[in-house]
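For reference, the structure is listed below as structure tokens.
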Amino acid sequence: MSTRIPEEVVEELRNSLDIADVVGEYVQLTKKSRNYFGLCPFHNEKTPSFSVSTDKQIFHCFGCGKGGNVFTFIREMEGVSFQEAVKLLADKSGHQLPESAISQEDAKQGNPEIQNMYEAHTWLAKLYHHLLRHTKEGKDGYELLQERGLSDETIDTFQLGFAPNSKDFTKKFLENKGYHPQSMVRAGLLSYNDDGQYSDRFRGRVIFPIRNHQGKTIAFAGRSVNGGDPKYLNSPETELFHKGKLLYNFDLARGEIRKQGEVVLLEGQMDVISAYQAGIKHGIATLGTAITETQAKLIRRYVEKVIICYDSDNAGVEASYKAANILRKAGCEVRVASIRDGMDPDEFIRHYGSDAFRNEVLDNSYAYMGFVIQYLKRGYNMNNEGDRIAYIEKVLDEVSKMEKPIERDYYVRELAAEHDFSVEALEKEIIDRRKKQGLGKDNNEYKSYTSYKEPKKKQSRLLPAFHNAERHLIHHMMHNMSVAHKVQDQLGGAFNLPEHQVIVTYLYAFYEEGHSPNPSHFMEQLPDDSVQNLVSEIAMMKLSSDLSDGEIQDYIKQIDLQKHQESISSLKAEQKEAERQKDHVRAAQIAMQILEMKKA
């Protein structure tokens, strides 16, 4: 664990937080007995196997095995370092971190060049915004945004700016701040041409700052004001900016996404900003590319329901279909909005207003299969019998894959009524397709996001006696210091499994440093995530808190017996090798050793 933030500050923060409250902002939890359960945000599942213990202040997923404390959870969810997780939780809970801890962490962001990139983006975002709002140079950009219906409040919220139509305005500004042009090229802020000249990358453009999920500006998107080519220009990929991993406006939208229980996925920055101004504050967008699996998984960590609201032209419909399938694969419930008159969301909002956008577009969005049925119809002539049958065949292929019988029945009846087929004929087609796909039996374990079912343990196989003995003993050692001292005196680190040796070695050190039993605190001392996951699993075991000296001795005997047996096995292998080499004296000596060990 890093010492950049003082241990006493981390401990105070840890003790002031309830892990169930923090996790509950990301995962819908249901209390069962002493623990809380929900769907794991780290992998796709239909039955809750993600457990949160308020007693131990840890979490563990019995499905994927991931576990840890409140800091581990935030690190995984937000993709940040330990120190950044501490800062995020401090901000959430209103704790004030010491200035020394903050400044040291800010200086840590990778190497100095990375830190310079962050700082340069921050400076430029402020400069471009100032130019747009308060100078003559930014007048053209400001008027364009006003024509698009954006208020000053919205412009300020998104820190929209303007880059002057100059070759070296930004270059000179950055040089005056002490940044070398070569490093600013790597940051994506300047260009380097064939003549060996550095120049401004963004010129004569309205600037849209792109922030990472922690709210730091890491890139820009620019839109030409006076018809310059290209119309749109984005920052290139850099060490800070990986567009396939980020979502535009995610930092501002995250709270509203949790509140609404859904996210609206849009295509561009202006769509997101217009929707935000119209009161749709849970809108996000990809950054000039189709949605990636990484982005889809990130969305699924926060929410189930996604409304795709792309442009209504052919390209937008194709993009919606691809995005819908990627999101469904990630475990999302997908709906697809349809906008009339070939408009994009920004145009629709400006023409018809926010109420019409919410009521007519978002609230009337298609369920996934309803959208697919309309999507598959494209290119077919419904007045042609052959086309109509080919279309029905395609739709039946999709309907047959649906899990719930009630949904299949609904769409079968819709198809039958619309295209004058009998329900029985279509149902038979569905049954045949499901048999071919190996889906003959209906799966009755449908998604349940509120009901609790006892999680299935990841390890279904029976563990050897010594393995269980070591796990049980470690569990008690983490919760009772006197048990740990007794085991240390009698057994030390001589556990059979290497991962258990690592755990007890760190646990002895933890107690020697004066700490009290606390699994959540102990996890911060561990070297890697795999060990943390194992510790969380062991700590969550349901064992009696009472442990007699006799039971401790029984556990130790099981552990010693395994070592004894392994030693005998090793000697038997040596004996066979001696016999193979016809070293009969050596073989006899080893046989005596084995005999003595068995007597013992």
>> Walk me through whether Tyr128 and Phe202 qualify under ring pair (Phe, Tyr, Trp, His ring centres under 6.0 Å).
In response: CA-CA 10 Å; Tyr128 291 153; Phe202 299 99; 7.3 Å; no
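- Counting heavy-atom neighbours within 6.0 Å of Phe241 CZ, excluding the residue itself, gives a total above 12.
- In terms of modelled atom types and a separation under 3.5 Å, the side chain of Asp271 and the main chain of Asp346 share a donor-acceptor contact.
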> Could you go step by step and tell me if Thr289 and Thr286 meet the side-chain hydrogen bond (donor to acceptor under 3.5 Å, both in side chains) rule?
Replying inline: CA-CA 6 Å; Thr289 63; Thr286 52; 5.2 Å; no
>> Walk me through whether Glu78 and Tyr26 qualify under side-chain hydrogen bond (donor to acceptor under 3.5 Å, both in side chains).
In response: CA-CA 11 Å; Glu78 303 291 354; Tyr26 300 82; 2.7 Å; yes
>> Walk me through whether Phe50 and Phe59 qualify under ring pair (Phe, Tyr, Trp, His ring centres under 6.0 Å).
In response: CA-CA 7 Å; Phe50 181 83; Phe59 72 90; 5.5 Å; yes
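- Taking each heavy atom of Glu267 and Gly316 in turn, the nearest pair found is OE1-CA, 4.3 Å.
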>> I'd like to know whether Ser530 forms a side-chain hydrogen bond (donor to acceptor under 3.5 Å, both in side chains) with Asn533, so could you lay out the CA-CA distance, the side-chain angles of the two residues, the decisive distance to 0.1 Å, and finally the verdict.
In response: CA-CA 5 Å; Ser530 62; Asn533 294 341; over 6 Å; no
>> For a ring pair (Phe, Tyr, Trp, His ring centres under 6.0 Å) check, start with the C-alpha distance between Phe208 and Tyr248, then their side-chain angles and the critical distance, and finish with the verdict.
In response: CA-CA 10 Å; Phe208 299 81; Tyr248 181 72; 7.4 Å; no
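- Looking at every heavy atom in both residues, Met184 comes nearest to Ala120 through SD-CB, 3.5 Å.
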> What do the steps show when you test Tyr142 against Asp152 for side-chain hydrogen bond (donor to acceptor under 3.5 Å, both in side chains), and what is the final call?
Replying inline: CA-CA 9 Å; Tyr142 183 65; Asp152 288 349; 2.6 Å; yes
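- By the 6.0 Å contact criterion, NZ on Lys377 is enclosed, its count of non-hydrogen atoms from other residues, nucleotides or ligands being greater than 12.
- Between the Asp311 side chain and the Gly342 main chain, no donor and acceptor come within less than 3.5 Å of each other.
- A salt bridge is defined here as a Lys NZ or Arg NE, NH1 or NH2 lying under 4.0 Å from an Asp or Glu carboxylate O, and Lys177 with Glu119 fails to meet this definition.
- Across all non-hydrogen atoms, the minimal contact from Glu84 to Val80 is OE1-CB, 3.5 Å.
- Ring geometry for Tyr198 against Tyr192 counts as tilted: the plane angle lies between 30° and 60°, on a 0 to 90° scale.
- Relative ring orientation between His121 and Phe220 is described as parallel, the plane-to-plane angle staying below 30° on a 0-90° scale split at 30° and 60°.
- Ring geometry for Phe250 versus Tyr302: interplanar angle over 60°, hence perpendicular rather than tilted (30 to 60°).
- The aromatic rings of Trp123 and Phe173 lie perpendicular to each other, with more than 60° between the two planes, well past the 30° mark.
- Ring geometry for Phe371 against Tyr321 counts as tilted: the plane angle lies between 30° and 60°, on a 0 to 90° scale.
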>> Would Arg378 and Glu318 count as a salt bridge (Lys or Arg N to Asp or Glu O under 4.0 Å) here? Give the steps.
In response: CA-CA 11 Å; Arg378 300 181 334 143; Glu318 289 291 346; 2.4 Å; yes
